[in-house]
Amino acid sequence: DLPKARRLFAQALETPGGLKVLTLHAFCQIVLTRFPIEAQVAPGFEVLDEASARALIAEARQAVLERAGAGDSVLAQAVAHLATETSEARLNDLLQVALGNDRRKMDRFFEGLRGEAFEDAVWRAHGAERGRNVAGDFCAALGREIAQLRAARDWLAGGGKTDADSGVLLTEFLALESVPEGFTLLRGWLLTQSGLPRKKLASKALSDARPDLLAFLTDLQARFCGAEDRHRAARAAALAEAALTLIAAVRKDYAAAKARRGVLDYDDLIEKTLALLNKSKAAQWVLFKLDNGIDHILIDEAQDTSPEQWAIVRKLTEEFFAGQGKERQARRTIFAVG
């Protein structure tokens, strides 16, 4: 087969005009340029390079933050929550990631909602109940156990130093009127710094003397662990909701800015081409117009190909192995490297 391989290599080198090798993005740009009406893109559109896309995203982000500062209550609340719970730098990182290389992941998230509000989806995914004050509910329920808490406080005060420190903490808890501070106090007592249940709540001498109070504290710890899990889930859901509120607003502004300028970014090329090929009979029409069809596809760096890019390849080749074609008898191949 070596002579044949040498001939094939020579033929490749001597191809009139040279071999035309395109990236998938460049191929999609050609398709959209030839079928702008069918693809619902602006005829004569231009493609944003990465630097221009980042600049346009930055403009959209700034516009959203300005609206938050100018009185948009929903955006203002989201910004305030993120800035308070995380930091301004973290807020900018979130927006950059969601609108940068991971934008298609965010596209799939929003597309997968199927009409459900993303706020509801976020809280459901976290297993949390929106609008519920977990810490407040837990501390309010403890209000019905004041007598047992006082008895445990007095009992602990009669033990060693560690027991006495726990008694002081319970005294502080009983004197507090602020629910968040009370919940935090209990967390520091009942859990370790790593968030695990503290193994020893009282000394052996005290435990042997009042096993009933030890059982009360053990049950209190178990209930607190459940409340802490729910509290963390609610906090995570609230942070995710705030982040997605800003992300959705920036995405909308970014899309509007691209439409005004008649430009597409690299992700748009993939998205619009896939949408075109998914239209009824559009794929066959595109293939027919592209040099009367495609017989061979070479995919290089296949390990870096995204699900959407594979979907385009699948649409272009779905008839390759469906049996002998009625109109074309050519041998058709796919060659993937990576």
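Just so it is clear, the values below take in all heavy atoms, side chains as well, and ignore hydrogens, waters and symmetry mates.
One N or O on the side chain of R198 and one on the backbone of W189 form a donor-acceptor pair closer than 3.5 Å. In this structure, D268 contributes its side chain and D265 its backbone to a donor-acceptor pair below 3.5 Å. Side-chain atoms of T15 come within 3.5 Å of backbone atoms of Q11 as a donor-acceptor pair (strictly under, hydrogens ignored). A donor-acceptor pair is defined here as one N or O able to donate and one able to accept, closer than 3.5 Å; no such pair exists between the side chain of D219 and the backbone of F216. Under the 3.5 Å distance criterion, the side-chain polar atoms of E241 are left unmatched by any main-chain donor or acceptor of V122. With T84 contributing its side chain and A80 its backbone, the two residues share a donor-acceptor pair below 3.5 Å. Proximity of a side-chain donor or acceptor of Q309 to a complementary backbone N or O of S306 within less than 3.5 Å is detected. With hydrogens and angles ignored, the 3.5 Å screen pairs a side-chain donor or acceptor of Q221 with a backbone N or O of L190. A donor-acceptor contact shorter than 3.5 Å links the side chain of D163 to the backbone of S203.
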Inset, instruction - Kindly indicate, with the supporting measurements, whether the criterion side-chain contact (heavy atoms from CB on, under 4.5 Å) is fulfilled by L142 and L186. - result: CA-CA 11 Å; L142 283 183; L186 291 177; 3.7 Å; yes
Legend entry - Stepwise side-chain contact (heavy atoms from CB on, under 4.5 Å) check, K315 with I312: CA-CA 5 Å; K315 290 300 295 184; I312 289 175; 5.8 Å; no
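By the salt bridge (charged side-chain N to carboxylate O under 4.0 Å, His left out) test, E308 is found to be paired with R104, R108, residues two or more places apart in sequence or in another chain being considered.
Heavy-atom minimum distance, P43 versus P36: CA-CB, 4.0 Å.
Put simply, the side chain of V79 does not reach to within 4.5 Å of the side chain of V64, judged on heavy atoms. Annotation: side chain of T245 is in contact with side chain of F118 (closest heavy-atom distance under 4.5 Å). Side-chain contact check for V134 versus F138: every heavy-atom pair is 4.5 Å or farther apart. A 4.5 Å side-chain heavy-atom check between R187 and F224 finds at least one atom pair inside the cut-off. Between D72 and V74, some side-chain heavy-atom pair lies under the 4.5 Å cut-off. Put simply, the side chain of T192 does not reach to within 4.5 Å of the side chain of K199, judged on heavy atoms. Between L214 and R210, every side-chain heavy-atom pair lies at or beyond the 4.5 Å cut-off. At least one side-chain heavy atom of L149 sits under 4.5 Å from a side-chain heavy atom of L220.
For the pair K258 and Y254, the cation sits on the ring face: its NZ or CZ lies under 6.0 Å from the ring centre, inside 45° of the axis.
With rounding to the nearest 0.5 angstrom, the CG atom of D212 is 10.0 Å from the CG atom of L217. Interatomic distance, CG of D304 versus CD1 of I299, reported as 12.5 Å (0.5 Å rounding). If you take CZ on R251 and CD1 on I247, they are separated by 8.5 Å, rounding to the nearest 0.5 Å. The line from CG of L191 to CG of L196 is 8.0 Å long, rounded to the nearest 0.5 Å. For the atom pair NZ of K200 and OG of S166, the computed distance is 11.0 Å after rounding to the nearest 0.5 Å.
Atom CD of E46 has 12 or fewer neighbouring heavy atoms from other residues, nucleotides or ligands inside a 6.0 Å radius.
A salt bridge links E228 and R232; the closest N-O separation between the charged side-chain nitrogens and carboxylate oxygens is under 4.0 Å. E85 has a carboxylate O that lies under 4.0 Å from a charged side-chain N of R235, or vice versa, which qualifies the two as a salt bridge. Between E59 and R260 there is no salt bridge, since no side-chain nitrogen of the basic residue lies less than 4.0 Å from a carboxylate oxygen of the acidic one. Between R150 and D154, none of the side-chain N atoms (NZ, or NE/NH1/NH2) sits under 4.0 Å from a carboxylate O, so this pair counts as no salt bridge.
Applying the 4.5 Å side-chain rule to ILVMFWY residues, one finds that V168 remains a lone member of its cluster.
Listed by first and then second residue, the salt bridge (Lys or Arg N to Asp or Glu O under 4.0 Å) pairs that reach into residues 132-141 are E129-R132, R132-D137, sequence neighbours excluded.
Classification of the H231-F183 ring pair by plane angle, with boundaries at 30° and 60°, yields tilted. The aromatic rings of H25 and Y266 stand perpendicular to each other, their planes meeting at an angle above 60°, with 30° marking the opposite boundary.
Side-chain contact of E38 with Q40: a donor-acceptor pair under 3.5 Å is absent, judged by distance alone.
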